[in-house]
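Comments concern the structure below.
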Amino acid sequence: MSDDFELDDEPRSVGATPWLNGLNPEQLQAVEATEGPVLVLSGAGTGKTRVLTTRLAHILLTAKAKPWNILAVTFTNKAAREMRERVSGLVGGAAEQIWLGTFHALGARLLRRHAQLAGLESNFTILDSDDQLRLLKQVMEAENIDAKRWTPQSVMGVIQRWKDRGLNPDQVGSGEAGELAGGRTVALYRAYQERLIALNACDFGDLLLHCLTFMQKPAHQDLLAELQSQFRYIMVDEYQDTNVAQYLWLRLLAQKHRNICCVGDDDQSVYSWRGAEVENILRFERDFQGARIIRLEANYRSTPTILAAASGLIANNAGRLGKTLRPGRADAEAGAKITVRGLWDGEDEARFVVEEIEALQRAGGALAEMAILVRAGFQTREFEERLVSTGVPYKVVGGLRFYERQEIRDALAYFRVVMQPADDLAFERIFNLPKRGLGEQTLQTTHMLARRTGVPLLQAARNLSLTDELGPKARSTMGKLVADFDRWRSLVPHMDHAELAGTILDESGYTEMWQKEKSPDAQGRLENLKELVAALEEFDSLADFLEHVSLVMENDDKQKLDRVVIMTLHGAKGLEFDNVFLPGWEEGVFPHARAIAENGAKGLEEERRLAYVGLTRARRRLFVSYAANRRVYNQWQTSLPSRFTAELPDHTVDRLAERGLFGGVSEQANAWSQDWQSVARVAKHRESPATVAPSGSFAVGVRVFHQKFGYGRVTAVEGNKLDVAFDKAGDKKVIDSFVTEA
DNA sequence: GATAATCCGGTTTTT
DNA sequence: CCGGATTATC
């Protein structure tokens, strides 16, 4: 609705600015400093989202600009959505017209408008990481690069870092290539880019890089000037996470009006491994001379104790811009001390955490206000097991996302070929899926013809189905496949797109493939496919939908259930909870050994920032824990408490280690060896690993191994007969003595 | 051209 | 230990 944006017809009188009510002086400053470059250094929990949204609303409500003159950039779709909602609440329908979104979504929007400047058509495909790798692999094969010695992943990593820095193949410095791929990485990069253009496709990095490239070309300065004029006000969230390409993109667009406001926190920069450069903050001051710097330091989230702990920890980092969190309210109660607990092993740690969760729950705490934040994904298992066995509801956030599932990607590949006949990667994916007797040989032939005649695979397949180059069987199968795609494509204008999607999946035999499959997860996959088709209803067309899924990979659980949340520290950035558990604070795990091995002191500092992020997620209570022993790849390994535990100021913590543990409170340190408890526990572990395979004692839920059927999980026990859901072989009845506990 | 054997590696992740 | 991805085999 554009009906209610008529603000500059009736200028507001001074004082009639209710949207500014309740801001503290620093926040108010940041909101009102609309003109000129502004850098807002905003500590955790200091209300930066509020500042950003209010600032946006303020510009609109004081009629400084029309919504389409504002560019507001976030990192995640979630943040973009939230911001739009909150701005809507303040200004109404006008919020719809703001250029607000993620870097990638905005880049895609810009690029679709000017695709021809990058050699693309405006309906280009956006590849996901899977497609990217497959494409690069093909390129590497074509260039005779040994994929054993240099994995496509590592080459892709280098290419992406180049893209993050805004470098086209021609701009990569000669000394940069290194030994990777026999020093031919730049050549691979160039070939990869050429293939992308030929496929009318982009990877994520290209969404920005292509814009950057055409905006920098002398030939397109008129367009750049137009864009610069349009964006009178620019706002950037999570500025510490921007990479160089994003920085350059912003700088170009901000050049004319120079009304750019970046909000960030150098202490929360945890994505350098993905190309983010905190240095962009420093660079900002240099490039935008006279930039105003506003610090938001009043924290309204956490107790003073938590703030003191977090500040104490982060003070160990050198080279910070300097920012001290202080309690937002002077009268705030200190709050409970942080529990720092040492446990014997991972199992004990999980037990400890879940016991505390139950205690908090008994005291009236909501489970949804408790979070277990881990360093790495694999750490969730122990907690899940414990939570399952105690019956505490939980959810793991992260992991495989909906649109990354195999069956969803397959289905999308079908849709892509229908909508985009030149999408070779999609075509290849479903070429012989379900199995239709077309193999490697046929694919090769098709590829060769495609390359020789310069047409997409689908077209080559069509040509092959008209000649005798293939055997009769392959030829007719191919002909049928091509005809199917033609038919589906002809239905696009005449049929409801969700219905068509269902038709495609049915007629292609894809649905049937899973119906016939009797592995335990086939049912779930069919349900996912149904969900996919249902999700389509919410879009206007298949094309719209494909754009959405390529840019919005997240799954949002709409249902807010009262559950403990388990996620990685990275995933928790931007969130907050009353009670936060930070397990696994052991040297090697956190800080992660590899972070230090690969990036030395810098790596360590980033790990420390991650710890800082973790600590500052908590409003009220924090529980840090570490285990002396852990099973890693089935081997027991002993570790020391993380140095970060020692960096928490003493007055903020209650340290409590099981007596006799390494790293217990110092006065106990010499008592560890003869401590009875540890002796008992050592004994426990001596006997536990599979010395006895107790027959007849398998419980439901136990993971087992069978010589013939492989791994599975017990679903029922009946005397010495077990029902087991095998991962590969499906449901079987077996005699218990034929399986061992996995 | 499809299935079984074997080898490898094993942080963080949004778009 | 375990999943995947490439090789070996029918």
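Residue numbering restarts at 1 for every chain, and letters A, B, ... go by the order of the sequence lines.
A centroid separation of less than 6.0 Å is found between the aromatic rings of A:Y271 and A:W273.
Position along DNA chain B of the nearest nucleotide to A:V270 versus A:S129 favours A:V270 as the more 5'-ward residue. Sequence order on DNA chain B of the closest nucleotides to A:T442 and A:W273 puts A:T442 first from the 5' end.
Residue A:F378 and nucleotide B:dG10 are not classified as a stacked aromatic pair, given the requirement of ring centres less than 5.5 Å apart at an interplanar angle below 30°. In this structure, A:H570 forms no aromatic stack with the base of B:dT12, since the conditions of centre separation below 5.5 Å and plane angle below 30° are not both met.
Using a 30° and 60° split on the angle between ring planes, A:Y247 and A:Y239 fall in the tilted class, from 30° to 60°.
As rounded to whole Å, 13 Å separates atom P of C:dC2 from atom OH of A:Y633. A straight line from CG of A:L100 to P of B:dT15 spans 14 Å, rounded to a whole angstrom. Per the geometry, CZ belonging to A:R81 stands 13 Å off P belonging to B:dT14, to the nearest Å. Put simply, CG on A:D203 is 17 Å from P on B:dT14, counting in whole angstrom units. Between A:Q406 atom CD and C:dG4 atom C1' the separation is 12 Å, expressed in whole Å. When the C1' atom of B:dT15 is taken as reference, atom CG of A:L209 falls 15 Å away, rounded to whole Å. To the nearest angstrom, C1' of B:dT15 lies 7 Å from CG of A:L551. Distance CZ (A:R274) to P (B:dT13): 9 Å, rounded to an integer number of Å.
At the heavy-atom level, A:G377 lies under 4.0 Å from the strands shown only through sugar-phosphate atoms. Counting non-hydrogen atoms under 4.0 angstrom, A:D241 reaches nothing in the nucleic acid. Among the atoms of the strands shown, only primed sugar atoms or phosphate atoms (P, OP1, OP2) are found under 4.0 Å from some heavy atom of A:F75. Within the nucleic acid shown, A:T74 has no heavy atom closer than 4.0 Å to any nucleic acid atom. Contacts of A:E598 with the nucleic acid, taken as non-hydrogen atoms under 4.0 Å apart, include base atoms. The residue A:A593 sits apart from the nucleic acid: no heavy atom pair falls under 4.0 Å. Residue contacts shown for A:E607 include a base, since a base heavy atom lies under 4.0 Å away. Using a 4.0 Å heavy-atom cutoff across all strands shown, A:K573 reaches no nucleic acid atom at all.
One P atom belongs to B:dT13, the other to C:dC2, and the distance between them is 22 Å to the nearest Å.
A donor and an acceptor atom never sit less than 3.5 Å apart when one is taken from the side chain of A:R375 and the other from the base of B:dT11.
For A:T568, taking side-chain heavy atoms from C-beta onward, the closest of the listed nucleotides B:dT12, B:dT14, B:dG1 is B:dT12. When the nucleotides B:dT13, B:dT15, B:dT11 are ranked by their closest atom to the side chain of A:H104, B:dT15 comes out on top. Looking at the side chain of A:N77, the nearest of the listed nucleotides B:dT15, B:dT3, B:dT14 is B:dT15. Here B:dT15 is the nucleotide among B:dT15, B:dT14, B:dG1 with the atom lying nearest to any side-chain atom of A:F204. When the nucleotides B:dA2, B:dT12, B:dG10 are ranked by their closest atom to the side chain of A:K435, B:dA2 comes out on top.
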_Residues A:E404, A:R409; criterion salt bridge (Lys or Arg N to Asp or Glu O under 4.0 Å); working and verdict_ = CA-CA 6 Å; A:E404 279 176 350; A:R409 286 185 140 154; 5.2 Å; no

Determine, step by step, whether A:Q635 and A:Q637 satisfy the side chain to side chain donor-acceptor pair (under 3.5 Å) criterion, reporting the C-alpha distance in whole Å, the side-chain angles of both residues, the deciding distance to 0.1 Å, and the verdict. CA-CA 6 Å; A:Q635 282 207 312; A:Q637 200 176 290; over 6 Å; no

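Between A:K137 and C:dA5 there is no side-chain N or O to OP1 or OP2 distance below 4.0 Å.
The pair A:E547-A:R109 does not count as a salt bridge, with every side-chain nitrogen at least 4.0 angstrom from each carboxylate oxygen.
Geometrically, A:R608 does not engage A:F644 in a cation-pi contact defined by less than 6.0 Å to the ring centre and at most 45° from the axis.
With 3.5 Å as the limit, one finds a donor-acceptor pair spanning the side chains of A:Y192 and A:D203.
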